[in-house]
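Data block below; observations after.
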There are 2 protein chains.
Amino acid sequence: MAARMTRQRTAVVEALDELADFRSAQQLHETLRARGESVGLATVYRALQALADASEVDVLRAEDGESLYRRCARREHHHHLVCRHCGRTVEIDGPTVEAWASKVAAAQGFDDIEHTIELWGTCADCRASAATK
Amino acid sequence: MAARMTRQRTAVVEALDELADFRSAQQLHETLRARGESVGLATVYRALQALADASEVDVLRAEDGESLYRRCARREHHHHLVCRHCGRTVEIDGPTVEAWASKVAAAQGFDDIEHTIELWGTCADCRASAATK
DNA sequence: ATCAGGCGTGAGAATCATTCTCATGAACTC
DNA sequence: GAGTTCATGAGAATGATTCTCACGCCTGAT
Ligand SMILES: [Mn+2]
Ligand SMILES: [Mn+2]
Ligand SMILES: [Zn+2]
Ligand SMILES: [Zn+2]
């Protein structure tokens, strides 16, 4: 059952570890290629999917629908504040919101409840570079 | 500037008004075709986009990435509890969450803040029909 | 009501992220 | 080290959404 340890899988994990921000599969593929650690695009997708299934990476959808991946510091459930320009991310805890979400959903007779809570904004750096123009 | 009133646009709005649940553009297209009010798929997409821009419909992304549309009762900002099987929707108010979201984001120096807060589950009806099998 | 010009329409092509196919090569077991 | 199994990758396929552009329907002015 354990995933086989290959050069490609290792390269993907290492790239994620060095990156602090949410990145798309395509971006990661390009990053790996630039480093010479070339990995097939399909393999990047497969590695990311496996990592997501194992809860080793978090996945979220950008506004344009593209999936973004990140190796977060915490393994526990949490949420994110993400810069929509550069992907910079702050991990967020929301005990208040957690309680609110499950209460509201249960009150309506819904089961198998999940919630999507993500905050998007422009980080201080991206605001600064936009002002420069 | 005002959008021209055409048979197609009217048909899309009417279909949305009769539907209580979130539906995809493809589903709406099929519904219209079934009624004989046939409308081109590209036109359905354009009508929905125009309505979304005018805040006449809410848009959200299903877990598979497909966009879902709904004409909600309230025009004001709100969130949703949606059945992932049939699209059944309950509109949700979250004053607590609103305050929490803007405070958290501002504390991190982020601007132009938006939030995505959606609840997904299985509604009572869909749970019942799943049990039947 | 008519007319002209502009905007909306729709069939099909194009786009683009993601997934699939399948022949080949690299891990792990013994 | 040999054999079995699973991962890889190039390219094709998929599927939602957008684009193209020739044609026709709204609409405001006459
Ligand atoms: Mn949560
Ligand atoms: Mn809100
Ligand atoms: Zn930024
Ligand atoms: Zn349901």
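Below, all heavy atoms of this structure are taken into account, side chains as well, without hydrogens, waters or symmetry copies. All values reported here derive from a predicted model rather than from experimental measurement. Here is the naming used below: chain letters follow the sequence lines, and residue numbers restart at 1 for every chain.
- In the hydrophobic clustering of this structure, B:Tyr45 does not group with B:Leu16; members are Ile, Leu, Val, Met, Phe, Trp, Tyr whose side-chain heavy atoms approach within less than 4.5 Å, directly or through other members.
- Judged by closest nucleotide on DNA chain C, B:Thr43 is the one of A:Ser24 and B:Thr43 placed further toward the 5' end.
- If you check every strand for non-hydrogen atoms under 4.0 Å, A:Ser67 touches sugar and phosphate atoms only.
- Per the geometry, CG belonging to B:Leu48 stands 10 Å off P belonging to D:dT18, to the nearest Å.
- Using a cut-off of 4.0 Å between Lys/Arg side-chain N and Asp/Glu carboxylate O, A:Asp111 and B:Arg127 are scored as salt-bridged.
- Between A:Glu91 and A:His79, the side chains place no donor N or O within less than 3.5 Å of an acceptor N or O (distance only, hydrogens not considered).
- Put simply, the side chain of A:Thr122 reaches to within 4.5 Å of the side chain of A:His85, judged on heavy atoms.
- With a 6.0 Å radius and a threshold of 12 heavy atoms from other residues, nucleotides or ligands, A:Arg33 has its CZ atom at or below the threshold.
- Taking atom CZ of residue A:Arg4 and atom P of nucleotide D:dC6, one finds them 7 Å apart after rounding to whole Å.
- Residue-to-nucleotide proximity on DNA chain C shows that, of B:Gly40 and A:Ala25, the 5′-proximal contact is made by B:Gly40.
- Residue-to-nucleotide contacts include no donor-acceptor pair under 3.5 Å from the side chain of B:Arg46 to the base of D:dT18.
- In summary, B:Arg71 and B:Asp17 engage in a salt bridge, as defined by a charged side-chain N under 4.0 Å from a carboxylate O.
- Once you apply a 4.0 Å limit to the heavy atoms of chain B, the touched nucleotides of DNA chain C run 5' to 3' over C:dG6 to C:dA11.
- In this entry the distance linking CG of B:Leu68 with C1' of D:dA16 reads 12 Å, nearest Å.
- Heavy-atom nearest nucleotides on DNA chain D were determined for B:Arg61 and for A:Arg33, and the one closer to the 5' end corresponds to A:Arg33.
- A distance of 13.0 Å separates SG in A:Cys83 from CG in A:Leu119, rounded to the nearest 0.5 Å.
- Summarising the geometry, the separation between CG on B:Asp64 and P on D:dA16 is reported as 8 Å, rounded to the nearest angstrom.
- With rounding to whole Å, A:His29 atom NE2 is found 12 Å from D:dT8 atom C1'.
- For the atom pair A:His80 NE2 and A:Trp120 CH2, the distance stands at 10.0 Å (nearest 0.5 Å).
- Within residues 5-17 of chain B, the residues having any heavy atom closer than 4.0 Å to DNA chain C are, in order of number, B:Thr6, B:Arg7, B:Gln8, B:Arg9.
- The distance between atom CG of B:Leu41 and atom C1' of D:dT18, rounded to the nearest whole Å, is 10 Å.
- Contact annotation: B:Tyr45 reaches the phosphate of D:dT17 (side-chain N/O to OP1 or OP2, under 4.0 Å).
- Inspection of the B:Thr89 and B:Asp21 side chains reveals no N or O donor paired with an N or O acceptor under 3.5 Å.
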